[in-house]
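One is the number of the first residue; the rest follow in order along the sequence.
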Amino acid sequence: EAQVCGLQEGDQISMEALLNGLLLHSGNDNAVAIAEYAGDGSVEDFVNLMNKKAEELGATNTHFVTPNGLHDENHYTTAYDMYLIFQEAIKLQDFVDIIKTDSIDVSYADANGNTVSKTWTNTNQYLKGETQSPDGITVIGGKTGTTNAAGYCLVLYSQNKKGQDIISIVYKGDSRSSMYTLMNEILSTFAK
């Protein structure tokens with residue numbers, strides 16, 4: 001039941017396209033492909049790198065088991081730790097460029113050398129124009145995530161009218177609409 005981009009064994013795809021599929025479309029298969037590549041063929045090695053980086057950032061209440069965040073009892077984080085991790089990520093312009101994109105067209109070769117073309121759309125309703133941010137708040141981008149155990153989650157990067165960067169987080173929303181309602185309440189109350 002996981003969200004996927006539809007990758008198949010033997011596909012030849014760029015890291016840039018994989019990252020776009022992961023961050024825009026929440027492609028869990030892309031997360032595994034990235035992990036296998038960056039972990040020298042081993043998802044476990046990549047997860048160890050994730051845990052090491054989290055510790056370096058001070059995210060001491062985080063332990064990763066999967067590269068995609070799918071549920072595992074030993075896979076957990078906190079809002080504060082996610083803030084630390086996301087704060088580090090937005091220092092990378094390539095990351096920001098991806099999370100602020102509404103959709104992207106990608107092409108790659110399948111195992112038989114045939115060209116596969118897809119469009120991956122951002123799951124962030126602010127960027128899709130389906131949810132309006134509060135007055136004075138400019139949404140730059142973010143990352144959504146949903147599992148039965150975690151509920152509807154959103155880590156958002158925005159700026160207030162003073163130009164100050166804002167990172168806001170909602171975890172355990174009971175629906176997509178309530179998640180955005182909660183996020184707008186946070187932004188209206190604390191981000192001005």
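- Residues N184 and P134 approach most closely at OD1-CD, 3.1 Å, considering heavy atoms.
- For the atom pair OG (S168) and CG (L182), the distance works out to 11.0 Å, reported to the nearest 0.5 Å.
- A distance-only check finds no donor-acceptor pair linking the side chain of D105 to the backbone of T119 [under 3.5 Å].
- With a 6.0 Å radius and a threshold of 12 heavy atoms from other residues, nucleotides or ligands, Q12 has its CD atom at or below the threshold.
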Exercise for review: Take N51 and H63 through the side chain to side chain contact (heavy atoms under 4.5 Å, CB included) test and state the conclusion after the steps.
Suggested key: CA-CA 6 Å; N51 285 316; H63 182 260; 4.0 Å; yes
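- Of the options D97, I99, I98, a side chain to side chain contact (heavy atoms under 4.5 Å, CB included) to F95 is made by I99 and by none of the others.
- One N or O on the side chain of D29 and one on the backbone of L7 form a donor-acceptor pair closer than 3.5 Å.
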Point to revise | Evaluation steps, side chain to side chain contact (heavy atoms under 4.5 Å, CB included), between Q87 and I167 | key: CA-CA 7 Å; Q87 181 181 40; I167 297 173; 3.8 Å; yes
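- Two different hydrophobic clusters hold L84 and F190 under the rule that ILVMFWY side chains link at heavy-atom gaps under 4.5 Å.
- Judged by distance alone, with hydrogens and angles left aside, the side-chain atoms of K118 form no donor-acceptor pair with the main-chain N or O of Y108 at under 3.5 Å.
- With hydrogens and angles ignored, the 3.5 Å screen pairs no side-chain donor or acceptor of N28 with any backbone N or O of A2.
- The CG atom of N48 sits 15.5 Å away from atom NZ of K53, with the distance rounded to the nearest 0.5 Å.
- When hydrophobic clusters are built by joining Ile, Leu, Val, Met, Phe, Trp and Tyr residues whose side-chain heavy atoms come closer than 4.5 Å, directly or via intermediates, V170 is not grouped with Y80.
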**Study point:** Verdict with supporting geometry, L154 and Y152, side chain to side chain contact (heavy atoms under 4.5 Å, CB included)
**Key:** CA-CA 7 Å; L154 173 61; Y152 292 85; over 6 Å; no
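- Separation of atoms CG (D165) and NZ (K162) is listed at 13.5 Å; rounding is to 0.5 Å.
- Within a 6.0 Å sphere centred on NZ of K161, other residues, nucleotides and ligands contribute 12 heavy atoms or fewer.
- The shortest heavy-atom contact between H25 and C5 is CD2-SG, 3.6 Å.
- Minimum heavy-atom separation, C153 to K172: SG-N, 3.9 Å.
- By the 6.0 Å contact criterion, CG on N148 is open, its count of non-hydrogen atoms from other residues, nucleotides or ligands being 12 or less.
- The two residues N30 and G21 make their nearest non-hydrogen contact at ND2-CA, 3.4 Å.
- Annotation: side chain of L187 is in contact with side chain of L156 (closest heavy-atom distance under 4.5 Å).
- With values rounded to the nearest 0.5 angstrom, R176 atom CZ is found 7.5 Å from T123 atom OG1.
- Scanning both residues, A54 and I85, for their nearest heavy atoms gives CB-CD1, 4.4 Å.
- Under the 4.5 Å side-chain heavy-atom criterion for grouping Ile, Leu, Val, Met, Phe, Trp and Tyr, I169 is not connected to Y76 through any hydrophobic cluster.
- Here the straight-line distance linking atom CG of D45 with atom CG of D40 works out to 7.0 Å at 0.5 Å rounding.
- With hydrogens and angles disregarded, a donor-acceptor distance shorter than 3.5 Å links the side chain of S133 to the backbone of I137.
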Exercise for review: May I have the step-by-step check of salt bridge (Lys or Arg N to Asp or Glu O under 4.0 Å) for E55 and K52, ending in yes or no?
Suggested key: CA-CA 5 Å; E55 187 176 327; K52 182 179 177 190; over 6 Å; no
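- M15 and W120 end up in the same hydrophobic cluster when Ile, Leu, Val, Met, Phe, Trp and Tyr side chains are linked at under 4.5 Å.
- Note: Y126 and Y180 have perpendicular aromatic rings, judged against thresholds of 30 and 60 degrees for the angle between ring planes.
- Donor-acceptor pairing under 3.5 Å is lacking for the side chains of N124 and T144.
- Proximity of a side-chain donor or acceptor of S178 to a complementary backbone N or O of S175 within less than 3.5 Å is detected.
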Check your understanding: Between Q132 and E130, does a side chain to side chain contact (heavy atoms under 4.5 Å, CB included) hold up when you go through it step by step?
Key -> CA-CA 7 Å; Q132 183 66 38; E130 296 172 3; over 6 Å; no
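- S26 and K143 share a side-chain donor-acceptor pair at under 3.5 Å.
- The CG atom of L18 lies 10.5 Å from the CG atom of L23; values are rounded to the nearest 0.5 Å.
- For the salt bridge (charged side-chain N to carboxylate O under 4.0 Å, His left out) condition, no pair includes a residue of residues 8-22, sequence neighbours left out.
- Side chains of I166 and Q159 form no contact here, defined as non-hydrogen atoms less than 4.5 Å apart.
- Using a 4.5 Å cut-off between side-chain heavy atoms of Ile, Leu, Val, Met, Phe, Trp and Tyr, with links allowed through other members, M82 and L70 fall into different hydrophobic clusters.
- A heavy-atom distance below 4.5 Å is not found between the side chains of I34 and P67.
- The minimum heavy-atom distance linking M50 with T66 is given by the pair CE-O, 3.8 Å.
- With sequence neighbours excluded, no residue forms a ring pair (Phe, Tyr, Trp, His ring centres under 6.0 Å) with Y157.
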